Amino acid sequence: MYQGLKTGIEGRQEVETAYEIAVKEQAAEVMAKLAHTVRSNSKKHGSLTPGEMLTVLIKDLPESVQKAVRTRMPNDAAYRDIKTIMTSSRQIFFYSLAHMSATDAEAKGRIEETKLIIAEKIRRDSRVTISLTPLNAIYALWPEMRTVKICSIMNEMQAQECYRDVKTVSACSGALYLYSDRHITDKYAVLLARTAVNDTCTTIAHTVREESRIYPRPINITAFTSQVFGIPPASLEPCIVRVLNHPEFTDIRKLIHPETQAVYLYSNQYMKEDHAFSVMKWLEETPSKRNASLF
């Protein structure tokens with residue numbers, strides 16, 4: 001009986017030893033991958049590695065392996081060059097001291113802070129006021145910084161996964177705006193960019209053409225009095241008259257529903273009149289579909 005108990009204990013010890021070996025091997029693999037990425041980023045790209053990199057590598061591993069990585073790596077001589085910095089917003093980044101000085105790492109950390117501030121402003125504008133952020137509004141955050149430097153920082157953001165929601169859209173005037181597609185759809189951003197330049201006739205014409213080309217369908221002119229376009233109802237009819245008489249918008253045509261007297265616009269570049277008329281009749285019979293595609 002005693003001998004059997006002793007054998008059972010030894011067996012459990014062997015199992016625990018094998019488990020510990022497996023933990024060490026998994027931890028060693030994670031540390032090697034992380035170190036390789038950090039060194040490569042520091043040497044080839046001169047960039048920091050976000051702390052999320054470690055989170056991604058260990059997220060599906062047992063807690064014991066995660067703990068082993070966090071406790072062993074800082075004390076392992078093979079990874080003595082792998083250092084961390086924490087920015088003022090408590091973002092954590094890795095860098096390799098073999099390829100980047102601590103001073104350079106701190107400077108790059110400040111750039112990462114700038115990226116975060118840019119992203120937070122854009123996301124806040126998109127979420128709270130449902131509006132685009134003009135590029136000039138980003139420049140105004142750091143009036144002492146050269147605009148070319150800010151543009152360089154924003155170009156870097158486009159390559160980073162954590163800022164993939166930040167996008168740009170151009171108005172017909174050439175002005176550049178930014179938004180977060182977490183809160184504003186790409187299509188809605190295009191509409192906002194059109195209205196931002198305050199060229200009502202161009203906004204109406206371009207929107208009509210796009211609806212006729214993509215769907216294709218005519219637009220009930222009441223859509224232009226919505227919050228997106230912001231045309232006062234009293235000003236709508238004069239705006240439509242200007243569009244229909246503008247030499248650049250000769251393709252924009254008007255339809256009037258014979259029963260409801262609703263007014264629609266379409267572009268004969270993309271739709272024939274009989275097709276536009278039949279779609280208009282269907283839309284008037286299905287009110288919920290009238291302006292669904294606009295938003």
Side-chain angles (χ1 to χ4, degrees), residues 1-120 123 127 153 155-167 180-183:
M1 177 116 179
Y2 174 77
Q3 184 65 35
L5 178 61
K6 181 178 179 181
T7 300
I9 294 173
E10 289 175 349
R12 285 196 297 273
Q13 288 176 337
E14 289 177 2
V15 171
E16 289 171 355
T17 301
Y19 177 75
E20 290 172 356
I21 292 173
V23 168
K24 290 179 180 178
E25 288 178 346
Q26 287 182 295
E29 183 179 354
V30 170
M31 291 188 292
K33 287 181 178 179
L34 177 62
H36 174 75
T37 300
V38 172
R39 288 165 180 158
S40 178
N41 286 342
S42 295
K43 182 179 180 179
K44 295 181 180 179
H45 310 293
S47 62
L48 303 175
T49 300
E52 287 82 1
M53 172 71 182
L54 177 57
T55 302
V56 170
L57 288 174
I58 65 177
K59 67 177 182 178
D60 296 323
L61 298 176
E63 180 62 32
S64 56
V65 177
Q66 297 185 28
K67 182 178 179 180
V69 172
R70 292 192 174 98
T71 56
R72 286 179 54 196
M73 194 163 187
N75 302 310
D76 194 318
Y79 305 116
R80 196 163 289 166
D81 64 305
I82 306 300
K83 304 295 182 181
T84 61
I85 63 167
M86 180 181 288
T87 66
S88 57
S89 63
R90 304 190 69 79
Q91 295 183 92
I92 295 176
F93 295 91
F94 295 100
Y95 70 99
S96 170
L97 198 56
H99 306 292
M100 182 185 296
S101 69
T103 301
D104 286 343
E106 290 177 4
K108 292 182 184 298
R110 289 192 290 273
I111 291 176
E112 294 301 327
E113 282 293 291
T114 300
K115 293 177 184 177
L116 183 64
I117 292 171
I118 290 173
E120 286 184 339
R123 289 165 180 162
R127 182 184 72 255
I153 291 172
N155 285 337
E156 288 183 19
M157 292 173 65
Q158 293 180 354
Q160 293 180 256
E161 184 65 32
C162 57
Y163 300 124
R164 287 291 172 84
D165 65 299
V166 175
K167 296 186 176 181
S180 168
D181 67 6
R182 294 179 184 175
H183 311 291

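Owing to the predicted nature of the structure, the values given are computational and were not obtained by experimental measurement.
- Note: Leu116 CG to Ser88 OG = 8.5 Å, rounded to the nearest 0.5 Å.
- Taking CZ of Phe93 as the reference point, atom OG of Ser47 lies at 10.5 Å (rounded to 0.5 Å).
- Taken to the nearest 0.5 Å, the CG atom of Leu34 stands 4.5 Å off from the CE atom of Met73.
- The pair Glu120-Arg123 does not meet the salt-bridge criterion, since no charged nitrogen lies less than 4.0 angstrom from a carboxylate oxygen.
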Steps toward side chain to side chain contact (heavy atoms under 4.5 Å, CB included) verdict (Leu54, Val30): CA-CA 8 Å; Leu54 177 57; Val30 170; 4.2 Å; yes
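- Glu113 and Thr87 share a side-chain donor-acceptor pair at under 3.5 Å.
- Using a 4.0 Å cut-off between charged nitrogen and carboxylate oxygen, Lys33 and Glu29 count as a salt-bridge pair.
- The heavy-atom pair separating Val23 from Ala68 by the smallest distance is CG1-CB, 4.0 Å.
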field: Worked check of side chain to side chain contact (heavy atoms under 4.5 Å, CB included) between Lys115 and Gln91
entry: CA-CA 12 Å; Lys115 293 177 184 177; Gln91 295 183 92; over 6 Å; no
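- Ile58 CD1 to Arg70 CZ: the interatomic distance, rounded to the nearest 0.5 Å, is 3.5 Å.
- Taking both residues in full, the closest heavy atoms of Tyr79 and Ala28 are given as OH-O, 4.1 Å, listed atom of the first, atom of the second, then distance.
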Result block: side-chain N/O donor-acceptor pairs under 3.5 angstrom for residues 99-109, not counting sequence neighbours:
residue, atom, partner, partner atom, Å
Ser101, OG, Asp104, N, 3.1
Ser101, OG, Asp104, OD2, 3.3
Lys108, NZ, Gly46, O, 2.8

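- The heavy-atom pair separating Asp165 from Ser180 by the smallest distance is OD2-OG, 2.7 Å.
- Arg127 places none of its side-chain heavy atoms less than 4.5 Å from the side chain of Arg182.
- Here the straight-line distance linking atom CG of Leu48 with atom OH of Tyr95 works out to 9.0 Å at 0.5 Å rounding.
- A pairwise comparison of heavy atoms in Leu61 and Gln66 identifies O-NE2, 2.9 Å as the closest pair.
- Under the 3.5 Å distance criterion, the side-chain polar atoms of Thr71 are matched with a main-chain donor or acceptor of Lys67.
- For the side-chain contact (heavy atoms from CB on, under 4.5 Å) test with Asn41, the passing option among Lys43, Arg39, His45 is His45; the others fail.
- Looking at Lys167, its side chain never comes within 3.5 Å of a backbone N or O of Arg164 through a donor-acceptor pair.
- Atoms CE and OG1, from Met53 and Thr37 in turn, are 3.5 Å apart once rounded to the nearest 0.5 Å.
- Residues Val65 and Ala27 approach most closely at CG1-N, 3.9 Å, considering heavy atoms.
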